[in-house]
Amino acid sequence: MLLQIVNGPNLAKIGRREPEIYGNKSFDDYLLELKSYMPGHDIRYYQSNHEGDLIDALYNAQEDGVQGIVLNAGAYTHTSIALLDAIKAIAIPVVEVHISGVYGRETFRHTSMIAPACAGVIAGFGLDSYRLGIEALLLKLSV
Ligand code: DQA
């Protein structure tokens, strides 16, 4: 399967950003592990701090024939109607993921603008949320 991970703002800093919440491992290191754990799948990765670029990434994924998307929209999760509309506008399943347990954190993190358009939400399993997100996608795609 051709799958895409899309990470939003501040997620390039994982491993150095608030390690007590997000852990010590960089996303690049995690991605290498994930790819070797799932050698049968082509897992693409894109990160941007900019809302419009994330929207373009969703459209580009569809144009490139990506079959499923794991999206950690970071703080845009809680604010972005534009991302919600973009997810609705593409025909491929999107799983919303979060490294941290957003429902145990500040109340502003309890709201997801994008969840209504997503196939499901996985939060609170550290970086393993991405692996679980991919497994959820594969289930959704019945692979
Ligand atoms: C996050 C949770 C968001 O609330 C936060 O703004 C992030 C990371 C997570 O992966 O836990 O940037 O999406």
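Both ligands and their constituent atoms are indexed starting at 1 by order of listing. Keep in mind that the numbers below use all heavy atoms, side chains included, and drop hydrogens, waters and symmetry copies.
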Among all protein non-hydrogen atoms, which one is nearest to [atom], and what is the separation to 0.1 Å?
| atom | answer |
| --- | --- |
| atom 11 (O) of ligand 1 | S100 OG, 2.6 Å |
| atom 5 (C) of ligand 1 | R109 NH1, 3.3 Å |
| atom 8 (C) of ligand 1 | Y22 OH, 3.4 Å |
| atom 1 (C) of ligand 1 | H98 ND1, 3.6 Å |
| atom 9 (C) of ligand 1 | I99 N, 3.4 Å |
| atom 2 (C) of ligand 1 | V102 CG1, 3.6 Å |

A side-chain contact here means heavy atoms from C-beta on lying under 4.5 Å apart; do [X] and [Y] qualify?
| X | Y | result |
| --- | --- | --- |
| N7 | I14 | no |
| R44 | D64 | yes |
| L34 | I5 | yes |

Evaluate side-chain hydrogen bond (donor to acceptor under 3.5 Å, both in side chains) for T77 paired with E96, printing each intermediate quantity in order. CA-CA 9 Å; T77 304; E96 174 186 337; 4.8 Å; no
Please work out whether any backbone atom (N, CA, C, O) or any side-chain heavy atom from C-beta onward of N72 is under 4.0 Å from ligand 1, and answer side chain, backbone, both or neither. side chain
Enumerated ligand 1 atoms positioned under 4.0 Å from heavy atoms of H78: 3 (C), 4 (O)
If we number the atoms of ligand 1 from 1 as shown, the ones under 4.0 Å from a heavy atom of R17 are 7 (C), 12 (O)
Counting only heavy atoms not in F125, do more than 12 sit closer than 6.0 Å to its CZ atom? no
Heavy atoms from other residues, nucleotides or ligands near NZ of K13 exceed 12 (cutoff 6.0 Å): no
Look at the aromatic rings of F27 and Y130 and report parallel, tilted or perpendicular, splitting at 30° and 60°. perpendicular
